[in-house]
Amino acid sequence: MSGPHDLAFDPWDPGFLADPYPAYAELRARGRALRYEPSDQWLVPHHADVSALLRDRRLGRTYQHRFSHDEFGRQAPPPEHEPFHTLNDHGMLDLEPPDHTRIRRLVSKAFTPRTVERLKPYVEHLANELVAGLVRDGGGDLLADVAEPLPVAVIAEMLGIPEADRGQLRPWSAAICGMYELNPSEGTAAAAVRASVEFSEYLRELIAARRAEPGEDLVSGLIAAHDEGDRLTEQEMISTAVLLLNAGHEATVNATVNGWWALFRNPGQLAALRADHSLVPTAIEELMRYDTPLQLFERWVLDDIEIDGTTIPRGAEIAMLFGSANHDPAVFPDPGRLDLTRRDNPHISFSAGIHYCIGAPLARIELAASMTALLRQAPTLALAAEPTRKPNFVIRGLEGLSVEVR
């Protein structure tokens with residue numbers, strides 16, 4: 001066990017945010033479960049422990065299916081945050097069985113390998129168009145011009161959100177995701193609440209429109225499933241749509257820009273990739289491992305657990321450090337080295353267990369489509385300016401990535 005003041009782990013420090021991986025090495029050397037007072041959590045830095053705990057039924061994303069706030073020794077969130085929690089708490093990422101099982105079963109029909117494979121031509125066509133625009137302009141912001149519009153368009157298309165409305169999705173999503181950082185400020189909470197209200201109202205109207213006139217989209221599919229007896233409340237439909245929109249692009253956007261920023265810093269690996277496009281599949285896995293888009297995943301301790309002789313009591317919160325697990329030398333030889341040919345790569349960037357990312361096959365198709373389009377159409381793509389890292393820890397990304405096509 002360690003107190004906060006003798007750890008290099010500091011998720012609010014710009015130096016740490018620029019490169020958290022040395023601090024993770026120190027955490028792993030310190031132990032397997034470390035009490036961290038500033039966020040009132042237990043940090044778990046080792047791959048084997050993170051992997052096991054993601055599958056451990058004694059932990060949960062919520063505790064409210066078993067305990068009241070008082071019974072669990074936790075305070076209820078402030079009433080003014082209620083719209084955010086209503087929206088968040090009815091999505092499957094923050095539910096446990098049986099509700100989680102029921103909703104995931106319905107949604108998974110839209111993400112079967114066959115369904116996702118059918119989307120591939122659309123994804124590749126869109127990626128090629130976006131990259132062609134970047135090349136025509138001689139460069140631009142890889143985040144705003146390619147990384148962001150691709151997954152946003154794909155998930156909006158799946159949900160049946162009209163093109164004219166899609167510009168609102170990213171700002172809403174960014175505001176809501178601010179609440180997933182450690183100890184969010186009151187300003188962050190107020191923005192998340194506002195976005196939750198507006199996003200929910202928008203989807204309520206969309207659901208009403210699809211009820212009147214169903215389409216081939218996922219929202220229509222959820223309504224049809226509800227009408228056929230697979231019960232899904234309107235709030236669950238809204239929360240599911242928001243979760244799919246947020247999760248369906250946030251990680252892909254950040255994996256794209258973190259990945260290209262890593263490639264520009266490792267010119268030998270970038271040259272190897274340019275010389276051999278068949279490396280794209282292993283490159284994507286390695287880049288997701290090397291600079292992980294989701295650095296931390298929280299779960300509540302529902303029944304006492306023991307890690308390395310330390311009892312972590314019911315009511316505690318565990319912070320599983322995905323970024324640290326993905327750099328654990330016990331699993332990844334020479335973890336600080338970017339190796340696009342790395343074959344044995346059990347990274348946990350998509351989580352594991354019942355909360356394994358339902359959209360992982362789609363994310364892989366999107367990442368491969370944009371990377372392949374950039375390699376083919378912009379073989380001289382180069383960094384135009386040093387990027388600025390977002391001041392976030394949990395969701396790790398850049399403010400932008402300025403590139404030029406020489």
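As a basis for the values below, the full set of heavy atoms in this structure was taken, side chains included, without hydrogen atoms, waters or symmetry mates.
S200 places no side-chain N or O within 3.5 Å of a backbone atom of V197 that could act as its donor or acceptor partner. Of the possible polar contacts, one joining the T86 side chain to the E82 backbone as a donor-acceptor pair under 3.5 Å is found.
Partners of H85 by ring pair (Phe, Tyr, Trp, His ring centres under 6.0 Å), not counting sequence neighbours: none found.
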Identify each donor-acceptor pair in which a side-chain atom of residues 135-154 lies under 3.5 Å from a protein atom, sequence neighbours left out, and give them as a table.
from	atom 1	to	atom 2	distance (Å)
D141	OD1	L143	N	3.0
D141	OD1	L401	N	2.8
D145	OD2	D141	N	3.1
E148	OE2	R170	NE	2.6
E148	OE2	R170	NH2	3.4

Verdict with reasoning, M237 to I223, per side chain to side chain contact (heavy atoms under 4.5 Å, CB included): CA-CA 8 Å; M237 281 185 215; I223 294 165; 3.9 Å; yes
Evaluate R32 against D308 for salt bridge (Lys or Arg N to Asp or Glu O under 4.0 Å), listing each step before the verdict. CA-CA 7 Å; R32 289 171 49 196; D308 198 25; 3.6 Å; yes
Between L296 and M320, does the side chain to side chain contact (heavy atoms under 4.5 Å, CB included) criterion hold? Intermediate values first, please. CA-CA 5 Å; L296 175 153; M320 291 174 268; over 6 Å; no
Begin with the C-alpha distance, continue with both residues' side-chain angles, and end with the deciding distance and a verdict on side chain to side chain contact (heavy atoms under 4.5 Å, CB included) for L381 and L374. CA-CA 8 Å; L381 191 74; L374 285 161; 4.1 Å; yes
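Ring geometry for F9 versus F393: interplanar angle over 60°, hence perpendicular rather than tilted (30 to 60°).
In summary, E117 and K120 engage in a salt bridge, as defined by a charged side-chain N under 4.0 Å from a carboxylate O. A salt bridge is defined here as a Lys NZ or Arg NE, NH1 or NH2 lying under 4.0 Å from an Asp or Glu carboxylate O, and D94 with R299 fails to meet this definition. The pair R194-E198 fails the salt-bridge criterion, with no side-chain N (NZ, NE, NH1 or NH2) lying under 4.0 Å from an Asp/Glu carboxylate O.
Checked against a 6.0 Å centroid threshold, the rings of F199 and Y202 do not count as neighbours. Taking the six-membered ring for Trp, H355 and H100 have ring centres closer than 6.0 Å. For H327 and Y24, the gap between ring centers reaches or exceeds 6.0 Å.
Within 6.0 Å of NE2 on H125 lie no more than 12 heavy atoms contributed by other residues, nucleotides or ligands. Enclosure of atom CD in E163 is not indicated, since only 12 or fewer non-hydrogen atoms of other residues, nucleotides or ligands lie within 6.0 angstrom.
The side-chain tip of R61 points at the ring of F297 from less than 6.0 angstrom away and within 45° of straight on. Annotation: cation-pi pair R342/F332 absent, no NZ/CZ under 6.0 Å from the ring centroid and within 45° of its normal.
A donor-acceptor pair shorter than 3.5 Å cannot be found between the side chains of S68 and D70. When only modelled atom types and interatomic distance are considered, S173 and E250 share a side-chain donor-acceptor pair under 3.5 Å. Defined by atom type and a distance below 3.5 Å, a donor-acceptor pair is present between the side-chain atoms of D339 and T341.
Annotation: side chain of S39 is not in contact with side chain of E317 (no heavy-atom distance under 4.5 Å).
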